Amino acid sequence: QVHVVESGGGLVQPGGSLRLSCAASGNIFSIAAMGWYRQGPGQERELVASVSSGGVTNYADSVKGRFTISRDNANNLVYLQMNFLKLEDTAAYYCYTKAQTRSWLGYRDFWGQGTQVTVSS
């Protein structure tokens, strides 16, 4: 199996910064992409940012210019640097990795348990 563990959430004031980290481990043959989703209170889960194995990034419009995703391919790590945080960024943030566990198997999404980010004054 593949294990995905997030860290770095917490409480921050509006305008502040946080850095989320995510590590994928276990029976990994190949990773195609890693990224972050979030789910705020009473909201559906939405994509925040993703990065492919080739370094192509994708961001939600609401975070462009404020959040930066980066990846350490060698160690199966992904980071989300969040700057100029807003009240509406409050959510549980979930890391995912699109991975193969065997060369003959297709890619699957594996999810972490989530880390809470609360933006409040």
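Everything numeric here is computed off the predicted structure, so don't read it as measured data. All values below were derived from every heavy atom in this structure, side-chain atoms included, with hydrogens, water molecules and symmetry-related copies excluded.
In this structure, Asp109 CG and Met34 CE are separated by 11.5 Å, a value rounded to the nearest 0.5 Å. If you take OG on Ser7 and CZ on Arg19, they are separated by 9.5 Å, rounding to the nearest 0.5 Å. Considering CG of Leu85 and CZ of Arg66, their distance stands at 6.5 Å, rounded to 0.5 Å. Taken to the nearest 0.5 Å, the OG1 atom of Thr68 stands 14.5 Å off from the OH atom of Tyr79. Rounded to the nearest 0.5 Å, atoms CD (Glu44) and CD (Gln39) are 8.0 Å apart. With values rounded to the nearest 0.5 angstrom, Ile69 atom CD1 is found 12.0 Å from Gln81 atom CD.
Ionic pairing of Lys64 and Asp61 is present here: one or more N-O contacts between side-chain nitrogen and carboxylate oxygen are shorter than 4.0 angstrom.
Without hydrogens or angle criteria, Glu6 side chain to Gln113 main chain gives a donor-acceptor distance under 3.5 Å. Put simply, the side chain of Thr90 gets close to the backbone of Val119: a donor and an acceptor are under 3.5 Å apart. Checking side-chain atoms of Arg71 against main-chain N and O of Ser52 turns up a donor-acceptor pair under 3.5 Å. A donor-acceptor contact shorter than 3.5 Å links the side chain of Thr115 to the backbone of Gly9. Side-chain N or O atoms of Gln100 include one that pairs as donor or acceptor with a backbone N or O of Leu105 at under 3.5 Å.
Linking Ile, Leu, Val, Met, Phe, Trp and Tyr whenever their side-chain heavy atoms come within less than 4.5 Å puts Phe110 and Ile28 in one cluster. Residues Val78 and Val117 share a single hydrophobic cluster, defined by chaining ILVMFWY side chains whose heavy atoms lie under 4.5 Å apart. Using a 4.5 Å cut-off between side-chain heavy atoms of Ile, Leu, Val, Met, Phe, Trp and Tyr, with links allowed through other members, Tyr93 and Leu77 fall into different hydrophobic clusters. By the rule that hydrophobic residues join a cluster once side-chain heavy atoms approach within less than 4.5 Å of another member, Tyr37 and Ile31 end up as members of separate clusters. Under the 4.5 Å side-chain heavy-atom criterion for Ile, Leu, Val, Met, Phe, Trp and Tyr, Trp36 and Tyr96 are members of distinct hydrophobic clusters.
The shortest non-hydrogen separation linking Val4 to Cys22 is CG1-SG, 3.4 Å. Summarising the geometry of Ala60 relative to Leu47, their closest heavy-atom pair is CB-O, 3.3 Å, with the distance given to 0.1 Å. The shortest non-hydrogen separation linking Pro14 to Ser121 is CD-N, 3.8 Å.
Applying the salt bridge (charged side-chain N to carboxylate O under 4.0 Å, His left out) test to Asp72 and every residue at least two apart in sequence or in another chain returns nothing.
Residues Asn58 and Val56 are not in side-chain contact: their nearest non-hydrogen atoms beyond the backbone lie 4.5 Å or more apart. Side-chain contact check for Met82 versus Asp89: every heavy-atom pair is 4.5 Å or farther apart. Contact check for Arg38 versus Leu80: no side-chain heavy atoms found under the 4.5 Å cut-off. The closest side-chain heavy-atom distance from Gln116 to Leu11 is not below 4.5 Å. The shortest side-chain heavy-atom distance between Thr101 and Phe29 does not fall under the 4.5 Å cut-off. Taking the side chain as every heavy atom from C-beta outward, Thr97 and Asn76 never approach each other to under 4.5 Å.
Taking the ring centroids of Phe67 and Tyr59, they lie at or beyond the 6.0 Å cut-off.
Between Tyr94 and Trp111, the angle of the ring planes goes over 60°, which puts this pair in the perpendicular group of the 30/60° scheme.
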